[in-house]
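Beneath this line is the structure, given in structure tokens, with notes to follow.
So that the names make sense, note that chain A is the first sequence line, chain B the second, and so on, each numbered from 1. Predicted model, so just to flag it, every value in this text is computed and none were measured.
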Protein chains: 2
Amino acid sequence: MSDSPEDTIVAAVLDAIAEQRLPAGAKLGEQTLSDLFDCNRANVRRALASLAAQHVVELRPNRGAFVITPSPKEAQDIFQARRALERTIARHAAGNASSEDVACLRRNIVEETRARRSGDKPAELRLSRQFHMYLAGIAGNKVLERFLSELTMRTTLILGLYARSGGSHCAEDEHDRIVDALEAGDAEQLVELTDEHLRHLEAGLNFRSPKSSSNLRDQLLGTAGIRP
Amino acid sequence: MSDSPEDTIVAAVLDAIAEQRLPAGAKLGEQTLSDLFDCNRANVRRALASLAAQHVVELRPNRGAFVITPSPKEAQDIFQARRALERTIARHAAGNASSEDVACLRRNIVEETRARRSGDKPAELRLSRQFHMYLAGIAGNKVLERFLSELTMRTTLILGLYARSGGSHCAEDEHDRIVDALEAGDAEQLVELTDEHLRHLEAGLNFRSPKSSSNLRDQLLGTAGIRP
DNA sequence: TTATCAATTATTGTTAACAATAAGTGTTAA
DNA sequence: TTAACACTTATTGTTAACAATAATTGATAA
């Protein structure tokens, strides 16, 4: 069970991002991490190099490591890539899903709605991401699964920056209808629903007012809609 | 022009793989690399961590870093993923290509056939890969571009392991016809030609007799088709 | 001759100390 | 009061020495 310290750090950072505990732009100091996971700085450095290679973290020379803050253009590229990957995943998942898979996905949806209702945003984000990754697992292509893992991570950061403040970012029942199509084995519909789902998610973004977190100003003065 | 030593090493390793100078399974010793690029081992280690995160290199604890040797299943996953990515790339490239792009691609094809005719395999592989990456550049999606870059790299390793010994692995004129469709702006045909092209490439593989290079036996006794 | 074991060698992993750089703080002068 | 400057502090980058592990070689015994 005990991974190498490097893997532990990478996993912890990714988990934290997936639950929006680490916002875009957050600094990942070497000392801080080596204290936290008590290991030496060499391991921390390797972990950060890994995260940087996955484009989840940015290394600025002589400055340190920071969680990336995706630009609007990058956000667009990421959604385009997600559609390409997830359409393919959907097509292959359609023929592969067992009844346990379907049951597991439905349980996931129940938990997700519960989290949404109770206002537990971190849990909601984690579960939503888990839903998409579970589908990728059913498709059975490790390469697509890993690419999607990276993109869902970056999507979480995008949502943290550009999500429209008001409504929640997923139509209530889209995941439900996706599982319906999966259970029915209707590949074409599954593909279409997946595509639509991602388009809706993207349509819910607002690039006008990025919530520049990890900026003291916002954390002290609040994020009220008034101009500075 | 002078990158960090880490980037230099990463680029050099990737170039070497792209030209099949580094075969699957090759060992990348820390000392060797730090001597070669004269830098300290810390930089080498970070470079190897990056390459490992890209799944181009495998880190075995206490053993060192080795170029990955893709399994048949991985090869299949990689080609499936490539089709998903390159179909999308093709669709978006169709509308974006300038006449300079077309000219540049045609020049690339000329060089490629010349390399094939003269039996310069490293150049042929590099140019073929360059062709696909150039198309990705036209599509203008950095995320897809990076993913494809990783997969073409791994494809080169796959070809080194499983390419049918006889014929060359690309139908002579497929790249030509792809550029024709691109020039005509015919997105649908471009997508179909790209898909076919990748299927032909995959069909040219033979998983029965992997050329287990970086194995002294083969390098000394040759790769004659006789059973050991 | 073959197999097992011990000793040597080479390579990776870990640690700490030091240097270089950037950021923050306080002082001084206009 | 403000701006520029020097100084202090914190953080990253580099290096070398040492420990731990694996591979190789040679020796010994069946």
Discussion item. Please give me every residue in residues 33-46 of chain A whose heavy atoms get under 4.0 Å of an atom in DNA chain C, ordered by residue number.
Written reply: Asn40(A), Ala42(A), Asn43(A)
Practice prompt. Taking heavy atoms of chain A and a 4.0 Å limit, find me the 5'-most and 3'-most nucleotide of DNA chain C within that range.
Written response: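 Listing 5' to 3', DNA chain C meets chain A from dT14(C) to dA23(C).
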Worksheet entry | Upstream residue (5' side of DNA chain C) when Leu28(B) and Pro61(A) are each assigned their closest nucleotide |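 Counting from the 5' end, the first nearest nucleotide belongs to Leu28(B).
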Practice prompt. Hey, can you tell me if His132(B) and His175(B) have their rings parallel, tilted or perpendicular (30° and 60° cut-offs)?
Written response: perpendicular
Discussion item. Does either side chain, that of His197(B) or that of Glu86(B), offer a donor lying less than 3.5 Å from an acceptor on the other one?
Written reply: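 No, no side-chain donor-acceptor pair sits under 3.5 Å.
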Worksheet item: Does the side chain of Arg129(A) come under 3.5 Å of the side chain of Ser149(A) through a donor N or O and an acceptor N or O?
Response: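 On atom types as modelled, these side chains qualify, holding a pair under 3.5 Å.
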Worksheet item: Is a side-chain donor or acceptor of Asp15(B) paired with a backbone partner of Ala18(B) at a separation under 3.5 angstrom?
Response: no
Worksheet item: With distance as the sole test, does Asn141(A) use its side chain to make a donor-acceptor pair with the main-chain N or O of Asp77(B) at under 3.5 Å?
Response: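 Yes; at least one donor-acceptor contact below 3.5 Å.
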Worksheet entry | Minimum heavy-atom distance between Asn96(A) and Ala139(A), given as atom pair plus value | ND2-O, 3.7 Å
Worksheet entry | Intermediate values then yes/no, side-chain hydrogen bond (donor to acceptor under 3.5 Å, both in side chains), Arg82(B) and Thr155(B) | CA-CA 9 Å; Arg82(B) 277 193 69 166; Thr155(B) 301; 3.1 Å; yes
Fill in: Reference residue Glu30(B); test salt bridge (charged side-chain N to carboxylate O under 4.0 Å, His left out); the match among Arg46(B), Arg63(B), Arg41(B)
Arg41(B)
